[in-house]
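Can you read through this structure? Questions will come right after.
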Amino acid sequence: MVKDASFKFAYWFYLFPLPIIITIVLVFSVFLGKRRKYNLILAGVLLLVWFFRSFSISFTEEVKDTDVEVVFWNASRDDGFESAFKENESIPDIMVLSEPKKRSFDKIKAKYPQYYFYKSNGEIEIFSKTPLHIEEEQRSKYSSTIVKFNSAGIQFYAVDMQGSFDVPKAWEFKFANNIIQNTSNTIVLGDFNAPYESVFLDRLEQNYNHFFSKKGNGFRETWPWNFPLLSIDHIWVSKDLTMVNSEKIATRDSDHSMIKTVIRK
């Protein structure tokens, strides 16, 4: 719990994820002479730990027309739905953006009048091919935002968690856990500003399947700039829903990877 007590603590703990520690161990081995073998052994052990903890292998399935494609992307304030559709190479059934580009929302709505859009009071925007019912939007005192909505016959919670240095994560996850109550026919997705290993994600891990750990291929980490250091963007799928496949899309347009999963009801 200490490492997640505040973003400042978490910053220092997660500043040194295993790939960074492995690199440091290997650099130090250059100066150790005959004793470098111990560093090389340690680096090898840590490399195996990182690989087995972060790397996923799964069998992909053929996507059917009735399946629901769900996409999330932290657009880093430089991009909106138009660039997100291009990165995804198609228009998905559901797309949620956090930190989207300003002044692009009305333009995209006008371009696709047959679809459904929602812009939150925070930094979340939602797109859907099917009617979009917003049940509630709540913001914490420290600007974490959660939008609860229903579309394609599935309940969603879109999450954009505060990442400020002076806001303890315990406060924001207590806020989130009080809102995220549904555990069936539900998808929780967003930028949690907390790695997969965080104790504050234990509740989600108990009630949902992680999109990439369950159905992805490759390294799970989504940040920064396509380097597999931290997995802070997540899609959590309730265990009664079937994931056909999941994917992490590398992009140079944001420091966050785009993530998606395909759901079969």
Side-chain angles (χ1 to χ4, degrees), residues 1-7 9-10 13-14 17 53-54 56 58 68 70-74 94-98 120 122 124 126 135-140 142-151 154-163 167-216 219-223 230-248 256-263 265:
M1 289 292 288
V2 174
K3 67 184 179 183
D4 289 302
S6 71
F7 189 79
F9 279 120
F13 273 90
Y14 298 125
R53 189 183 69 179
S54 298
S56 295
S58 65
V68 180
V70 179
V71 177
F72 170 77
W73 190 31
N74 182 319
I94 306 288
M95 177 175 278
V96 174
L97 300 183
S98 68
S120 76
I124 292 177
I126 301 169
E135 296 189 16
E136 63 176 326
E137 176 184 339
Q138 294 197 39
R139 297 188 74 191
S140 74
Y142 301 98
S143 298
S144 291
T145 303
I146 298 178
V147 179
K148 181 181 180 182
F149 67 96
N150 192 291
S151 191
I154 301 173
Q155 184 79 67
F156 291 85
Y157 294 94
V159 178
D160 183 30
M161 294 291 280
Q162 174 62 259
V167 179
K169 289 189 179 295
W171 299 354
E172 299 308 277
F173 275 91
K174 181 179 180 181
F175 160 77
N177 289 335
N178 285 336
I179 298 170
I180 302 171
Q181 296 292 331
N182 293 13
T183 57
S184 62
N185 193 40
T186 299
I187 295 176
V188 184
L189 73 168
D191 179 359
F192 288 77
N193 271 305
Y196 181 80
E197 299 80 11
S198 172
V199 295
F200 291 117
L201 296 175
D202 286 352
R203 183 173 178 268
L204 286 170
E205 189 173 6
Q206 291 171 4
N207 294 317
Y208 304 86
N209 289 319
H210 188 266
F211 83 110
F212 204 83
S213 298
K214 184 73 173 180
K215 266 297 186 180
F219 286 100
R220 180 180 58 230
E221 287 77 9
T222 63
W223 183 88
L230 294 173
S231 51
I232 59 177
D233 307 279
H234 306 277
I235 301 175
W236 299 91
V237 180
S238 62
K239 297 180 180 180
D240 59 324
L241 294 175
T242 301
M243 281 182 278
V244 176
N245 54 54
S246 296
E247 185 178 353
K248 183 182 72 173
H256 294 252
S257 296
M258 179 179 287
I259 58 177
K260 71 176 178 179
T261 189
V262 176
I263 302 300
K265 297 185 290 181

note = The ring-ring contact (aromatic ring centres under 6.0 Å, His included) partners of Phe212 (sequence neighbours excluded) come to none
ask   = Does some side-chain heavy atom of Ser213 sit less than 4.5 Å from a side-chain heavy atom of Tyr196?
value = yes
ask   = How far apart are the closest heavy atoms of Ser58 and Gly216, and which atoms are they?
value = OG-O, 3.1 Å
ask   = Please walk me through it: do Asp233 and Thr222 pass side-chain hydrogen bond (donor to acceptor under 3.5 Å, both in side chains)?
value = CA-CA 6 Å; Asp233 307 279; Thr222 63; 2.6 Å; yes
query = Under the criterion side chain to side chain contact (heavy atoms under 4.5 Å, CB included), which of Lys248, Arg220, His210 is the partner of Ser231?
reply = Arg220
inquiry  = Checking Lys239 against Asn207 for the side chain to side chain contact (heavy atoms under 4.5 Å, CB included) test, could you report, in this order, the C-alpha distance in whole Å, the side-chain angles of both residues, the deciding distance, and whether it holds?
reply    = CA-CA 7 Å; Lys239 297 180 180 180; Asn207 294 317; 6.0 Å; no
query = Are the side chain of Trp73 and the backbone N or O of His256 linked by a donor-acceptor pair below 3.5 Å?
reply = yes
ask   = Who are the side-chain contact (heavy atoms from CB on, under 4.5 Å) partners of Ser140, not counting sequence neighbours?
value = Tyr142, Ser144, Glu172, Phe175
remark   = Rounding to 0.5 Å, atoms CG (Leu204) and CG (Asn209) come to a distance of 11.5 Å
key: Flag, side chain of Gln155 to backbone of Ser151, donor-acceptor distance under 3.5 Å   = no
Which atom of Ser238 lies closest to which atom of Asn185, heavy atoms considered = OG-N, 3.1 Å
task = Kindly compute the distance separating CD1 (Ile94) from CD1 (Ile263), expressed to the nearest 0.5 Å.
result = 11.0 Å
query = Which atom names give the shortest non-hydrogen contact between Ser120 and Val147, and what distance separates them?
reply = CB-CG2, 4.0 Å
query = Any sub-3.5 Å donor-acceptor pair from Asp160's side-chain atoms to Thr145's backbone N or O?
reply = no
key: Shortest non-hydrogen contact from Asp191 toward Phe72   = N-CZ, 3.3 Å
With sequence neighbours excluded, residues passing side-chain contact (heavy atoms from CB on, under 4.5 Å) with Lys174 = Asn178
key: Nearest-0.5 Å distance that lies between atom CZ in Arg139 and atom CD1 in Ile124   = 9.5 Å
inquiry  = Nearest 0.5 angstrom please: His234 NE2 to Ile259 CD1, how far?
reply    = 7.5 Å
inquiry  = Would the distance check show the side chain of Asn193 and the main-chain N or O of Met161 forming a donor-acceptor pair, the cut-off being under 3.5 Å?
reply    = yes
side-chain contact (heavy atoms from CB on, under 4.5 Å) involving Glu247 - partner list, sequence neighbours excluded = Ile249, Lys260
Partner residues of Phe149 under the ring-ring contact (aromatic ring centres under 6.0 Å, His included) criterion, sequence neighbours left out = Phe156
key: Smallest separation among heavy atoms of Val96 and Ala158, with atom names   = CG1-CB, 3.8 Å
ask   = About how many Å separate CD1 of Ile179 and NZ of Lys148, when rounded to the nearest 0.5 Å?
value = 9.5 Å
Criterion side chain to side chain contact (heavy atoms under 4.5 Å, CB included) against Ile154, the qualifying member of Thr186, Val70, Ile187 = Ile187
remark   = Sequence neighbours excluded, the answer for side-chain contact (heavy atoms from CB on, under 4.5 Å) partners of Ser246 is Phe211, Lys215, Met243, Thr261
ask   = Rounded to the nearest 0.5 Å, what separation is found between the OH atom of Tyr208 and the CH2 atom of Trp236?
value = 10.5 Å
